[in-house]
Amino acid sequence: MKKLLLLPVSLFIFLTANAQEGPLTIANGGKVWSSLYQQRAAEYKALCFQAYNLAKLRLDEAVKHKGKKPLAVVTDIDETLLDNSPYDAVRAINNQEFDLKAWKLWTAKGIADTVPGAPSFFKYAASKGVTVFYITNRDEDERKGTTKNLKLYNLPFADAAHIILKQTVSSKETRRQQVLAKYNIVLLCGDNLPDFDALYDNKPNEESRMATTEKLRKQFGSRYIVIPNPSYGDFENAIFKFNYKLSGAQKDSVIKSLIKLDN
């Protein structure tokens, strides 16, 4: 019991001592634990296996009922297929915010590990004659590193025609429609709700996101396959009202004002 109590304290001391910009913020402390969960928790792996096992069942059903259009699966890349927790962790543990230049240095390496269950599922889809499209909000100048990373694991359709990066806007709806023009999209895989439906676009607030999720509840586990990502995403952006200029202290104030605590 003593060891269990001492571990969080020793970790806190380590994180605080290594912070580059003062004491570790609540927000960055949460990101450290989220990355640790992603890297070390068997429960995280189980959730990913659960998602992709369900995806396989849904794919098998779809293949039995082919229509006129060829079938396709659309997937996000980051935290859906590739695991970027080493990048997230090094920023958080040093009490630093997201930095686009540092992010692109990471993606250029093309060495990210894969999310559990993802490679086998997409290879299985290809073996069934289903085309895989990777719709990501990585920028065009990240194409080389992204392609390198996908090819590292021999992922199918890792080419310019099927890796669809962000060009002008972050919304993925136009790109999904481009695929839909020629294919029947039977599954969408993602970790962030805008990966699935345009109703999540345009920076909706928390209440709107909740209402939309309730409206689309039958799609989850049917056509929409969600991969867990507690580290970042529009859930976080909505909490901070999409204000990307908030300081760590300001974020902590928002968190303290919103979180439910026992009185």
Side-chain angles (χ1 to χ4, degrees), residues 35 38-39 44-45 47-49 51-53 55-56 58-59 62-63 70-91 98-168 170 172 174-176 178-180 182-192 194-196 225-229 231-233:
S35 294
Q38 191 169 338
Q39 294 176 8
Y44 169 76
K45 179 174 283 191
L47 284 168
C48 295
F49 284 157
Y52 281 115
N53 285 343
K56 183 176 180 293
R58 295 292 180 255
L59 185 75
V63 169
L71 304 185
V73 169
V74 167
T75 183
D76 173 54
I77 289 180
D78 298 308
E79 273 49 71
T80 301
L81 173 55
L82 295 181
D83 174 358
N84 300 290
S85 60
Y87 166 82
D88 297 326
V90 76
R91 303 294 302 176
F98 175 83
D99 178 77
L100 184 60
K101 182 178 179 180
W103 166 256
K104 289 187 176 182
L105 288 174
W106 161 254
T107 61
K109 294 178 182 179
I111 59 171
D113 202 350
T114 54
V115 168
S120 59
F121 170 71
F122 294 114
K123 290 176 183 179
Y124 178 78
S127 75
K128 293 294 181 179
V130 178
T131 303
V132 179
F133 286 91
Y134 306 92
I135 298 183
T136 173
N137 276 343
R138 291 187 177 196
D139 291 327
E140 185 61 40
D141 58 2
E142 296 176 84
R143 182 177 293 279
K144 182 178 179 180
T146 302
T147 303
K148 174 186 174 182
N149 213 152
L150 299 185
K151 288 186 174 181
L152 179 64
Y153 301 104
N154 298 312
L155 286 157
F157 302 99
D159 54 43
H162 298 88
I163 300 174
I164 308 176
L165 297 103
K166 182 177 72 174
Q167 300 300 321
T168 54
S170 59
K172 296 182 176 181
T174 299
R175 286 171 281 172
R176 287 192 292 262
Q178 290 172 353
V179 176
L180 276 170
K182 295 182 179 180
Y183 294 84
N184 175 19
I185 299 177
V186 295
L187 284 175
L188 295 104
C189 303
D191 65 294
N192 196 34
D195 293 333
F196 303 102
I225 304 296
V226 185
I227 308 302
N229 175 11
S231 292
Y232 67 90

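These values consider heavy atoms only, across backbone and side chains, with no hydrogens, waters or symmetry-generated copies.
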Does [Y] offer a backbone N or O that forms a donor-acceptor pair with the side chain of [X] under 3.5 Å?
| X | Y | result |
| --- | --- | --- |
| Lys172 | Ile135 | yes |
| Arg143 | Arg138 | no |
| Asp83 | Ser85 | yes |
| Lys109 | Gly145 | no |
| Arg176 | Asp195 | yes |

Any [X] side-chain heavy atom under 4.5 Å of [Y] side chain:
| X | Y | value |
| --- | --- | --- |
| Asn229 | Asn192 | no |
| Ile225 | Leu187 | yes |
| Asp76 | Asp191 | yes |
| Ile164 | Tyr134 | no |
| Phe133 | Val73 | no |
| Lys182 | Pro70 | no |
| Asp139 | Leu165 | no |

Sequence-distant partners of [X], side-chain contact (heavy atoms from CB on, under 4.5 Å), two or more places apart:
| X | value |
| --- | --- |
| Val226 | Phe196, Phe220 |
| Leu47 | Tyr37, Gln50, Pro228 |
| Ala112 | Leu82, Asn84, Trp106, Asn149 |

What's the shortest heavy-atom distance between Asp88 and Ser231, and which atoms?
OD2-CB, 4.5 Å

Taking all atoms of both residues into account, what is the closest heavy-atom pair of Val132 and Ala125, and its distance?
CG2-CB, 4.4 Å

Can you say whether the rings of Phe98 and Trp103 are parallel (under 30°), tilted (30 to 60°) or perpendicular (over 60°)?
tilted

Nearest 0.5 Å, please: how far is OG1 in Thr80 from CD1 in Ile77?
9.0 Å

Per-pair distances, 0.1 Å, donor-acceptor, side chain in residues 113-122, under 3.5 Å, sequence neighbours excluded:
{"from": "Ser120", "atom 1": "OG", "to": "Gly117", "atom 2": "O", "distance (Å)": "3.1"}

Write out all pairs satisfying side-chain hydrogen bond (donor to acceptor under 3.5 Å, both in side chains) with one or both partners inside residues 152-162, taking only residues at least two apart or from two chains.
Asp159-His162

In chain order, what residues pass the side-chain hydrogen bond (donor to acceptor under 3.5 Å, both in side chains) check against Tyr232, with sequence neighbours excluded?
Glu79

